[in-house]
Amino acid sequence: MKLLLHTCCAPCMIYPYRYLCEQGFSVEGFFYNPNIHPLSEYQRRKEAVIKWAEDNKMQVQVPEYVPAEFFRAVYLKEDPERRCRICWKLRLGMTALEAKNKGFSHFSTTLLVSPYQNQEAIKDIGEDVAKEVGVEFYYTDFRPGFRKAHQEAKEQGIYCQNYCGCIYSEVERFKR
């Protein structure tokens with residue numbers, strides 16, 4: 001079984017990747033994140049993902065960075081919950097399409113490892129996208145591995161960000 005794993009960052013990739021391999025999947029990463037802002041943040045996360053993947057013999061795809069895709073999708077969406085749902089659907093939709101086009105049996109996301117994300121909403125979106133595209137969404141709650149994986153990332157000197165990635169979360173984070 002082949003699974004395409006939407007990957008938001010290296011620290012959040014560690015536990016889901018290992019877990020999925022233990023479940024018998026052949027896992028490939030998919031770093032599709034037009035939401036990440038600014039470009040320097042995107043570059044830091046991308047470089048960390050690529051390095052961790054290389055060090056762990058994991059294949060990872062990195063499509064072109066087109067932040068306009070994110071801004072078009074969330075334009076004038078004032079409600080943060082609605083904006084996040086749109087962003088999750090954008091990224092999971094692209095992952096599902098890529099999975100189907102490349103012959104993967106499943107797709108999933110590292111967003112499911114974060115205790116800061118709406119687990120149920122991401123699960124529902126993943127399942128809806130799976131029906132629309134015709135490739136299976138693999139759901140499991142990866143949150144039990146979050147702290148240990150992030151500690152491991154810090155110990156290895158892997159870049160760990162302090163906001164979800166979008167300009168809205170960046171502003172909220174740094175206002176505090």
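Values reported hereafter were calculated over all heavy atoms of this structure, with side chains retained and with hydrogens, waters and symmetry mates removed. Here, residue 1 is the first one in the sequence, and each next residue gets the next number.
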Q: Would you say the side-chain atoms of N56 pair up with the backbone N or O of M58, donor to acceptor, closer than 3.5 Å?
A: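 No; judged by distance alone, with no hydrogens or angles, the pair does not exist.
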Q: Suppose the criterion is salt bridge (charged side-chain N to carboxylate O under 4.0 Å, His left out): which pairs have a residue in residues 122-137, not counting sequence neighbours?
A: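 Residue pairs passing salt bridge (charged side-chain N to carboxylate O under 4.0 Å, His left out), neighbours aside: K89-E132.
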Q: Would you tell me whether Y32 and E69 have side-chain atoms, one donor and one acceptor, within less than 3.5 Å of each other?
A: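 Yes, because at least one side-chain N or O of Y32 sits under 3.5 Å from a partner of the opposite role on E69.
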Q: Looking at every heavy atom in both A149 and I14, which two are closest together, and how far apart are they?
A: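 For A149 versus I14, the nearest heavy atoms are O-CD1, 3.7 Å.
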Q: Tell me if the aromatic rings of F25 and Y138 count as close, with their centers under 6.0 Å from one another.
A: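 Ring centroids of F25 and Y138 are less than 6.0 Å from each other.
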Q: Quick one: does Q61's side chain get under 4.5 Å of E28's, heavy atoms only?
A: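 Counting from C-beta outward, Q61 and E28 do come under 4.5 Å.
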Q: Is there a donor in the side chain of N33 and an acceptor in the side chain of R45, or the other way round, less than 3.5 Å apart?
A: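 Distance-only check fails for N33 and R45.
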Q: What distance separates N101 CG from L97 CG, expressed to the nearest 0.5 Å?
A: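 With rounding to 0.5 Å, CG (N101) is 6.0 Å from CG (L97).
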Q: Give the intermediate values and the outcome of ring-ring contact (aromatic ring centres under 6.0 Å, His included) for residues F137 and F107.
A: CA-CA 5 Å; F137 178 65; F107 74 101; 5.1 Å; yes
Q: Using 0.5 Å steps for rounding, measure from the CG atom of L3 to the OG atom of S26.
A: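 Rounded to the nearest 0.5 Å, the CG-OG separation comes out at 9.0 Å.
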Q: Indicate whether any N or O donor in one side chain lies under 3.5 Å from an N or O acceptor in the other, for E47 and Q43.
A: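 Short answer, no.
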Q: Provide the closest heavy-atom pair for G29 versus T7 in the form atom of the first, atom of the second, distance.
A: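 Here G29 and T7 meet closest at CA-OG1, 3.9 Å.
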Q: Rounded to the nearest 0.5 Å, what separation is found between the SG atom of C164 and the CD atom of E170?
A: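 Those atoms lie 10.0 Å apart.
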Q: Does any non-hydrogen side-chain atom of C9 lie less than 4.5 Å from one of T110?
A: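 Contact flag for T110/C9 side chains = no.
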Q: Going by distance alone, is a donor N or O of one side chain under 3.5 Å from an acceptor N or O of the other, for Y159 and E41?
A: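 Checked: Y159/E41 side chains pair up, N/O donor to acceptor below 3.5 Å.
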Q: Is there a path of hydrophobic side-chain contacts, each under 4.5 Å between heavy atoms of I/L/V/M/F/W/Y residues, joining V66 to L39?
A: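 Different clusters.
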Q: Is any side-chain heavy atom of E152 closer than 4.5 Å to one of I158?
A: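 With C-beta onward as the side chain, the pair stays apart.
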Q: Would you indicate whether the side-chain heavy atoms of L111 and W88 approach each other to under 4.5 Å?
A: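 W88 vs L111: side chains touch.
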Q: Does any part of the side chain of C12, heavy atoms only, come nearer than 4.5 Å to the side chain of H150, both counted from C-beta?
A: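 Yes, at least one pair of side-chain atoms sits under 4.5 Å.
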Q: Identify the two heavy atoms, one from Y163 and one from H37, that lie closest to each other, and give their separation to 0.1 Å.
A: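 Shortest heavy-atom contact: OH-O, 2.5 Å.
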Q: Heavy atoms only: give me the nearest A53-V60 pair and the separation to one decimal.
A: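 Between these two residues, the closest heavy atoms are CB-CG1, 3.9 Å.
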Q: Are W52 and Q156 close enough that some pair of their side-chain heavy atoms sits under 4.5 Å apart?
A: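 W52 reaches Q156 side chain to side chain.
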Q: Considering non-hydrogen atoms only, spot the tightest contact between C8 and F31 and give its length.
A: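 Heavy atoms of C8 and F31 come nearest at O-CE1, 3.5 Å.
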Q: Quick one: pull up CD in Q59 and CD in E54 and give me the separation to the nearest 0.5 Å.
A: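 Here the interatomic distance stands at 10.0 Å.
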Q: Using side chain to side chain donor-acceptor pair (under 3.5 Å), reason through Y139 and Q119 one step at a time and then give a plain yes or no.
A: CA-CA 10 Å; Y139 170 78; Q119 184 94 185; 3.0 Å; yes
Q: Can you confirm whether T95 sits close enough to T109 that some side-chain heavy atom of one is under 4.5 Å from a side-chain heavy atom of the other?
A: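 SC-SC contact between T95 and T109 ruled out.
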Q: My understanding is that only one of K154, E155, R147 makes a side-chain hydrogen bond (donor to acceptor under 3.5 Å, both in side chains) with Q151; could you say which?
A: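 Result: among K154, E155, R147, E155 is the only option passing the side-chain hydrogen bond (donor to acceptor under 3.5 Å, both in side chains) with Q151.
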Q: Look at atom CD of Q23 and say whether more than 12 heavy atoms of other residues, nucleotides or ligands are closer to it than 6.0 Å.
A: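 Counting other residues, nucleotides and ligands, CD of Q23 exceeds 12 neighbours.
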Q: How long is the straight-line distance from SG of C87 back to CZ of R91, given to the nearest 0.5 Å?
A: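 Result: 4.0 Å between the selected atoms.
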Q: So, taking the atom named CD in E172 and the one named CD1 in I167, what distance separates them when rounded to the nearest 0.5 Å?
A: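 E172 CD to I167 CD1: 11.5 Å, rounded to 0.5 Å.
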Q: Locate the shortest heavy-atom distance separating R85 from I125; write the atom from each residue and the value.
A: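 Scanning both residues, the minimum pair turns out to be O-CD1, 3.6 Å.
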Q: Any chain of hydrophobic side-chain contacts (each under 4.5 Å) joining L5 to M1?
A: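 Shared cluster, yes.
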Q: Tell me, do F142 and L20 make a side-chain contact under 4.5 Å, heavy atoms counted?
A: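 Contact flag for F142/L20 side chains = yes.
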